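Report on one structure; see the data block that follows.
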Number of protein chains: 2
Amino acid sequence: MKKICAHPHPPRREKISDLTGRLRRESRKITGPRAAILEILHAHPHPLTNREILSALPKSSCDLATVYRSLHLLEKMGMVKRYHFHDGAARFELVGAGDNGHHHHLVCVNCAGVVEIAECFPEEIEKKIARTNGFKNVTHKLEFFGTCPKCQA
Amino acid sequence: MKKICAHPHPPRREKISDLTGRLRRESRKITGPRAAILEILHAHPHPLTNREILSALPKSSCDLATVYRSLHLLEKMGMVKRYHFHDGAARFELVGAGDNGHHHHLVCVNCAGVVEIAECFPEEIEKKIARTNGFKNVTHKLEFFGTCPKCQA
DNA sequence: CGCGTGTTGCAAACGATTTGCAATTAAAAA
DNA sequence: TTTTTAATTGCAAATCGTTTGCAACACGCG
């Protein structure tokens, strides 16, 4: 119920120094907690909850509130993306430098294991939907749910 | 920030008596609160939060906890479907009798107005995703977000 | 090295949702 | 219709994820 299933990974990765550089450029401080959080996000290429990040952090590096605040900041700067899976908790994943981070996941409803999915909702159809309804700046949230191989007992 | 935008509606509708019948068949009681909640869901063909349902109910028909419990029951019986839009609150929408209720929404990020969307994620691609990753019983959650005509100031 | 502003820890506040329990009531049984 | 019984409700307290006020603190510029 807690393990992570198989998950092939895209090659986009960014050096930690690049990450901190982005922070510095916006006159934000590179504090201990932030550096540690970036390390964790960098090491776990899956959406993580605030609590998961906290417990992955070296021996009480910081307070849970700081994790929340850091992720807000990173999200506002476009460095992480927020996801919502089955439970109520928000999850965050690092976004590559050039990358806009838009992609989807296939989540196991049993063990919560995550696989990144390359496929996306067809752009032309999304445009048509926007046009038909007179909406602007239309985007989408899309996640797949199912039972992973290991959990098909 | 609170009004509902335009929203064409599919013809699927079910008589209240059919709804209560479904309850009765599972030896659940047709109580005042439940009947009232079904009325509201039937009258508002959009996903509603528990709180919205409560305040739409005739003059304190019941407690908020009862709304929560009723919607859990209805969800478990497959009579309503749960959605998550931008804010943290769950929203529920009645599911037609034959219908499995699977459809998506286009939500205005400004006024929270909702439009039902007929389009769905291509089934063959979903099947391919499931096959490729060895997952079973794969479904998806898909919602569109954008700015509705009225909110494009 | 000292200062000023961005940051943090802590605890309290919050909003959504859940739950224990005793009182209530719809529906089956008599 | 009355009785019986199990489902249901109200209320308040408990949870959970998340946010925030505030005083203490620490980057990093000069």
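To find a chain, count down the sequence lines: A is the first, B the second, and so on, and within it residues start at 1. All figures in this text were calculated on a predicted structure; none of them were measured in a lab.
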Query raised in the report: Roughly, in whole Å, what's the span from CZ in R51(B) to P in dC14(C)?
Result: 14 Å
Query raised in the report: Through what angle, rounded to 10 degrees, does the axis of the helix from dT18(C)-dA13(D) to dA30(C)-dT1(D) turn between its ends, using five pairs per end?
Result: 30°
Side-chain donor-acceptor pairs of residues 18-25 of chain A under 3.5 Å, sequence neighbours excluded:
residue	atom	partner	partner atom	Å
T20(A)	OG1	I16(A)	O	3.4
T20(A)	OG1	S17(A)	O	2.9

**Report entry** Contact list for DNA chain D against residues 28-40 of chain B - heavy-atom distance below 4.0 Å
**Finding:** R28(B), K29(B), T31(B), P33(B), R34(B)
Requested in this report: Would you check, one step at a time, whether the test salt bridge (charged side-chain N to carboxylate O under 4.0 Å, His left out) holds for E124(B) with K128(B)?
Outcome: CA-CA 6 Å; E124(B) 329 81 59; K128(B) 195 189 87 187; over 6 Å; no
Query raised in the report: Does H140(A) have its ring centroid less than 6.0 Å away from the ring centroid of H104(A)?
Result: yes
Report summary line: Rounded to whole Å, NE2 of H84(B) lies from P of dA16(C) at a distance of 13 Å
**Report entry** Between P of dG9(C) and CG of L57(A), the distance in whole Å
**Finding:** 10 Å
Query raised in the report: Taking the six-membered ring where the residue is Trp, are the ring centres of H84(B) and H86(B) under 6.0 Å apart?
Result: no
**Report entry** Spacing between L23(B) atom CG and dT9(D) atom P, to the nearest angstrom
**Finding:** 10 Å
Report summary line: Applying ring pair (Phe, Tyr, Trp, His ring centres under 6.0 Å) to Y68(B) and not counting sequence neighbours gives none
Query raised in the report: More 5' along DNA chain D: V67(B) or R24(A), using each one's nearest nucleotide?
Result: V67(B)
Listing, residues 69-80 of chain B side-chain donor-acceptor contacts under 3.5 Å, not counting sequence neighbours, or none:
residue	atom	partner	partner atom	Å
S70(B)	OG	T66(B)	O	2.8
E75(B)	OE1	R82(B)	NE	3.4
E75(B)	OE1	R82(B)	NH2	2.9
E75(B)	OE2	R82(B)	NE	3.1

Query raised in the report: dT8(C) P sits how many Å from L71(A) CG, rounded?
Result: 11 Å
Query raised in the report: Can you tell me how far C1' of dT8(D) sits from CG of L74(B), to the nearest Å?
Result: 13 Å
Query - Residue-phosphate contact under 4.0 Å: N50(A) side-chain N/O, dG17(D) OP1/OP2 - result: no
Query raised in the report: Can you tell me how far C1' of dA26(C) sits from CG of L73(B), to the nearest Å?
Result: 15 Å
Query raised in the report: What distance separates T139(B) OG1 from E126(B) CD, expressed to the nearest 0.5 Å?
Result: 6.5 Å
Would you tabulate the pairs of protein nitrogen or oxygen atoms and nucleotide nitrogen or oxygen atoms of nucleotides 19-21 of chain D closer than 3.5 angstrom?
residue	atom	partner	partner atom	Å
dT19(D)	OP1	H72(A)	NE2	3.1
dT19(D)	OP2	H72(A)	NE2	3.1
dG21(D)	O6	R69(A)	NH1	3.2

